[in-house]
Chemist: 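Mind having a look at this structure? Questions to follow.
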There are 2 protein chains.
Amino acid sequence: MNHRQATGPDNTLQPTVTPLDTAPLYQRVADRISNRIYDGHWRPGETIPNEFALADEFSVSQGTVRKAMSVVEEAGLVVRQQGRGTFVRKLSEERSYFHFFRLAHPQGERVTPEPHTETVFKRQANNHEQSSFGINAKDSVVVIERLRLVDGVRATREHVVVPDSLFAGLADFDDALPQALYPFYHQRYGIFVLRADEYVSAITADKKIATDLKIKINSPTLQVNRTAFDMKDRVVEIRTSQFRADLFQYNVNLS
Amino acid sequence: MNHRQATGPDNTLQPTVTPLDTAPLYQRVADRISNRIYDGHWRPGETIPNEFALADEFSVSQGTVRKAMSVVEEAGLVVRQQGRGTFVRKLSEERSYFHFFRLAHPQGERVTPEPHTETVFKRQANNHEQSSFGINAKDSVVVIERLRLVDGVRATREHVVVPDSLFAGLADFDDALPQALYPFYHQRYGIFVLRADEYVSAITADKKIATDLKIKINSPTLQVNRTAFDMKDRVVEIRTSQFRADLFQYNVNLS
DNA sequence: GAGTGGTCTAGACCACAGC
DNA sequence: CTGTGGTCTAGACCACTCG
């Protein structure tokens with residue numbers, strides 16, 4: 001039972017039992033729990049064993065499991081509910097949608113677009129994609145191009161690139177892809193998008209953009225470049241989107 | 001010492017000692033600590049009494065103070081340093097700067113602009129300002145208008161509005177205001193900006209903007225509308241900024 | 001070495017969900 | 001009623017900072 005204390009019941013004063021890993025115990029427990037989620041040992045939506053059971057299994061106190069679970073919760077992998085249990089987080093439409101989709105009307109309400117057209121194909125990775133995804137020149141990527149409507153009007157244009165290696169068979173997917181891609185990534189490929197960097201710029205529409213969005217060439221347009229990271233902090237998606245600047249603002253809450 | 005337990009040393013089985021306030025104890029302690037910071041009892045940079053001293057004063061265990069302090073830390077009011085102590089947070093240039101100033105070069109590095117011109121004056125609050133700040137039609141606001149340079153070129157234009165009631169004497173300030181306003185708000189007025197909502201839009205430069213930024217009329221321009229909140233969640237500043245879209249992107253990290 | 005925050009344990013009780 | 005996570009305590013020891 002005693003792991004770090006030097007005051008064991010026998011007086012041999014052994015310093016500790018194989019410290020080696022210097023990280024706090026709760027951190028190591030948090031890692032083991034996280035890994036079980038990554039490798040699918042516990043699936044999204046599933047109930048995790050309760051704190052005492054885990055404490056028993058890992059031979060630590062319930063308080064340590066508790067602290068570890070806080071770390072895992074903060075990382076966004078689980079949800080705790082008093083009286084019910086602790087559950088592996090499901091990336092819901094709601095979360096992925098309003099967490100990562102930051103468009104708002106000029107008045108401030110958030111926007112919900114509808115799908116319009118979609119093209120999916122595979123090609124070789126370019127230099128930027130190779131370095132971002134950590135893949136080779138020979139490796140291919142899957143490109144998803146979409147137009148979306150808001151109130152029946154073409155409003156957004158998305159260019160999504162993911163590495164073929166992580167998303168096997170995506171290019172040959174039969175049906176239309178779901179509206180929200182991140183829950184789909186999670187359910188089908190076990191890839192959980194947890195954070196993203198975005199760069200917002202103001203550009204003037206070129207011919208292609210103008211045609212797609214049915215606006216005049218040189219109209220002011222919002223462009224968002226996103227790099228998305230999964231729970232292992234790998235780059236898993238590179239996305240470029242354009243939006244009609246007369247219809248939308250990009251909203252963010254800083255804290 | 002015992003506050004909530006019903007199993008006191010004497011067997012009278014009194015339920016609890018004046019619960020009334022139903023919030024968890026650590027939360028109530030966190031509130032008391034926060035209030036001491038708000039009202040200046042402990043000043044920015046000052047060391048807070050250690051956990052055992054506070055536990056003693058509040059008649060709770062050190063573990064409870066510890067948990068309370070985590071809450072206060074998460075709220076951004078204090079900084080804890082192992083081996084040294086716990087300190088009331090100072091809003092440093094660095095924090096306010098790179099936390100709230102989200103501009104980046106197209107290549108990605110963050111931008112640091114230099115001051116150029118500054119105008120400060122007082123006027124009546126308009127409708128939007130009245131409702132945002134919760135003030136009356138008769139109340140006045142202070143307006144700060146600034147141009148800033150990047151690499152010697154006019155690059156950003158800021159229009160800052162704050163309520164006169166919270167910022168007494170600001171309009172009559174003699175010297176130029178400091179580069180970073182939020183540390184100044186904090187030091188001089190005790191107002192600690194903790195979060196902000198921002199709306200980014202792509203506009204075309206009108207005559208005024210074009211003149212100020214020395215760009216052509218109708219040039220694409222990034223506009224950021226910010227509403228800033230202090231630690232008591234009051235709206236304390238409304239800011240509208242324009243940036244040359246050819247020089248900058250707006251960067252944000254979502255998680 | 002003294003003092004601080006950080007970790008860990010063991011055990012009690014509370015609040016909530018659900019049968 | 002039972003089981004879950006949430007709160008609280010008391011006390012030990014660890015890791016770090018600083019004089």
Side-chain angles (χ1 to χ4, degrees), chain A residues 1-9 13-31 33 46-74 78-89, chain B residues 1-9 13-31 33 46-74 78-89:
Chain A
M1 191 60 70
N2 70 317
H3 287 263
R4 303 168 68 85
Q5 279 74 11
T7 57
L13 200 27
Q14 48 198 344
T16 53
V17 180
T18 52
L20 273 171
D21 191 339
T22 177
L25 187 49
Y26 73 84
Q27 192 51 260
R28 272 138 51 201
V29 171
D31 287 345
I33 293 171
E46 197 173 323
T47 306
I48 286 181
N50 75 48
E51 296 177 345
F52 286 98
L54 290 175
D56 216 54
E57 186 190 340
F58 294 137
S59 301
V60 299
S61 77
Q62 177 255 5
T64 298
V65 170
R66 185 161 189 72
K67 173 93 175 154
M69 208 53 96
S70 297
V71 172
V72 178
E73 182 183 37
E74 215 163 339
V78 301
V79 175
R80 294 196 279 190
Q81 283 179 253
Q82 178 170 162
R84 302 223 307 132
T86 300
F87 307 89
V88 179
R89 184 160 193 170
Chain B
M1 191 58 69
N2 70 316
H3 288 263
R4 303 168 69 85
Q5 280 74 9
T7 57
L13 200 27
Q14 48 199 344
T16 52
V17 180
T18 52
L20 272 172
D21 192 340
T22 177
L25 187 48
Y26 73 85
Q27 192 50 261
R28 272 138 50 201
V29 171
D31 287 344
I33 293 171
E46 196 172 324
T47 306
I48 286 181
N50 75 47
E51 297 177 345
F52 286 97
L54 290 175
D56 216 54
E57 186 190 341
F58 294 138
S59 302
V60 299
S61 76
Q62 176 255 4
T64 298
V65 170
R66 184 161 188 71
K67 174 91 176 156
M69 210 52 98
S70 296
V71 171
V72 178
E73 183 183 35
E74 216 163 340
V78 301
V79 175
R80 293 196 278 189
Q81 284 178 252
Q82 179 170 159
R84 304 222 308 131
T86 301
F87 308 88
V88 179
R89 183 162 196 167

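Below, chains carry the letters A, B, ... as their sequence lines are ordered, and counting in each starts from 1. Note: hydrogens, waters and symmetry copies are ignored here, and every other heavy atom, side chains too, is used.
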Chemist: Does the side chain of A:Ser70 come under 3.5 Å of the side chain of A:Arg80 through a donor N or O and an acceptor N or O?
Modeler: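 Judged by distance alone, the side chains do pair up.
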Chemist: Send over the distance from A:Phe87 CZ to C:dC16 C1', rounded to a whole Å.
Modeler: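 It works out to 12 Å between those atoms.
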Chemist: Rounded off to whole Å, could you give me the CG-to-P distance for the A:Asp56 and D:dT4 pair?
Modeler: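 Distance check: A:Asp56 CG to D:dT4 P gives 13 Å.
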Chemist: Which residue lies toward the 5' end of DNA chain C, B:Gln81 or A:Val65, if each is placed at its nearest nucleotide?
Modeler: B:Gln81
Chemist: Can you check the A:Glu51 CD to D:dG6 P distance for me, whole Å?
Modeler: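 Rounded to whole Å, this separation is 6 Å.
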Chemist: If you compare all heavy atoms of A:Leu54 against all heavy atoms of A:Pro49, which two are closest, and at what distance to 0.1 Å?
Modeler: CD1-O, 3.6 Å
Chemist: Less than 4.0 angstrom between a side-chain N/O of A:Thr86 and OP1 or OP2 of D:dG5, yes or no?
Modeler: yes
Chemist: For the side chain of B:Asn50, counting heavy atoms from C-beta on, which of D:dT4, C:dT4, C:dT7 is nearest?
Modeler: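 Nearest to the side-chain atoms of B:Asn50, counting from C-beta on, is C:dT4.
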Chemist: Considering only C:dT7, D:dG5, C:dG6, which nucleotide approaches the side chain of B:Arg80 most closely?
Modeler: C:dG6
Chemist: Nearest of D:dC16, C:dT9, D:dG6 to any side-chain atom of B:Gln82?
Modeler: D:dC16
Chemist: CE of A:Met69 to CD of A:Glu73: how many Å apart, nearest 0.5 Å?
Modeler: 9.5 Å
Chemist: Could you tell me how far apart A:Arg66 (CZ) and D:dT9 (P) are, to the nearest whole angstrom?
Modeler: 15 Å
Chemist: Can you check the A:Leu54 CG to D:dG3 C1' distance for me, whole Å?
Modeler: 15 Å
Chemist: Between D:dA10 atom C1' and B:Phe52 atom CZ, what is the distance in whole Å?
Modeler: 10 Å
Chemist: Tell me what A:Tyr26 touches on the nucleic acid: a base, only sugar-phosphate, or nothing, going by heavy atoms under 4.0 Å.
Modeler: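 It contacts sugar-phosphate atoms only.
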Chemist: Taking only N and O in the side chain of A:Arg84, is any of them less than 4.0 Å away from OP1 or OP2 of C:dG18?
Modeler: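 Yes, A:Arg84 has a side-chain N/O under 4.0 Å of OP1/OP2 on C:dG18.
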Chemist: Report the residues that fulfil salt bridge (charged side-chain N to carboxylate O under 4.0 Å, His left out) with B:Glu46, sequence neighbours left out, ordered by chain and then residue number.
Modeler: none
Chemist: B:Gln62 has an atom CD; how far is it from atom P of C:dG6, in whole Å?
Modeler: 10 Å
Chemist: Please tell me which of the listed nucleotides, D:dT9, C:dT9, D:dC16, lies nearest to the side chain of B:Val60?
Modeler: D:dT9
Chemist: Can you tell if the side chain of A:Phe58 reaches within under 4.5 Å of the side chain of A:Ile33, non-hydrogen atoms only?
Modeler: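 Yes. Closest side-chain heavy atoms under 4.5 Å.
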Chemist: Which one, D:dC8, C:dC8, D:dC16, comes nearest to the side chain of B:Leu25?
Modeler: D:dC8
